[in-house]
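Read through the structure below, which is laid out as structure tokens, and then see the notes.
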Amino acid sequence: MTDGPRVVLLGRVGCHLCDEARAVVAGVCDALDIAWVERDVDAEEDLRRRWSDDVPVVLVDSAVHARYRVDPASLRRALR
């Protein structure tokens with residue numbers, strides 16, 4: 001495992017689903033004291049090319065955990 005954050009939220013500005021996903025990810029990760037980051041798919045060409053149509057995307061330990069909507073209970077289980 002790397003030293004980086006376990007959870008990465010891929011999203012974009014102005015995306016209501018991304019706003020909802022951000023709230024879930026922040027709540028779960030903060031409660032479990034797990035590092036997470038958000039990356040804007042529109043700010044990086046490789047991310048835009050790969051993920052633009054799928055945002056929000058939540059990666060846990062570099063694997064896709066969720067697309068579009070994030071279930072808090074499922075995310076908690078994935079992080080335990």
Result of checking Val58, Leu59, Val57 against Val8 for side chain to side chain contact (heavy atoms under 4.5 Å, CB included)
Leu59
Between Asp46 and Arg49, does any NZ, NE, NH1 or NH2 come within less than 4.0 Å of an OD or OE carboxylate oxygen?
no
How long is the straight-line distance from CZ of Arg6 back to CG of Leu79, given to the nearest 0.5 Å?
5.0 Å
Measure the shortest side-chain to side-chain distance between Val70 and Pro56 over non-hydrogen atoms and say whether it is less than 4.5 angstrom.
no
Residues Arg12, Asp40: salt bridge by 4.0 Å N-O rule:
no
Could you give the distance from CZ (Arg67) to CG (Asp54), rounded to the nearest 0.5 Å?
4.5 Å
Quick one: do Val25 and Leu17 end up in the same hydrophobic cluster if we chain Ile, Leu, Val, Met, Phe, Trp and Tyr together by side-chain heavy atoms under 4.5 Å apart?
no
Distance-minimising heavy-atom pair for Ala66 and Arg69:
CB-O, 3.6 Å
Could you report the tightest heavy-atom contact between Pro5 and Val37, atom names first, then the distance?
CG-CG1, 3.3 Å
Report yes if the side chains of Leu47 and Arg39 come closer than 4.5 Å at any heavy-atom pair, otherwise no.
yes
Check whether any side-chain heavy atom of Glu38 sits under 4.5 Å from a side-chain heavy atom of Leu10, and report yes or no.
no
Interatomic distance, Arg77 atom CZ to Asp71 atom CG [nearest 0.5 angstrom]
6.5 Å
State, with a plain yes or no, whether a side-chain heavy atom of Val60 is found less than 4.5 Å away from one of Trp36.
no
To the nearest 0.5 Å, what is the distance between SG on Cys29 and CG on Leu9?
9.5 Å
Show the nearest heavy-atom pair for residues Val55 and Tyr68, with the distance to one decimal.
O-CD2, 3.8 Å
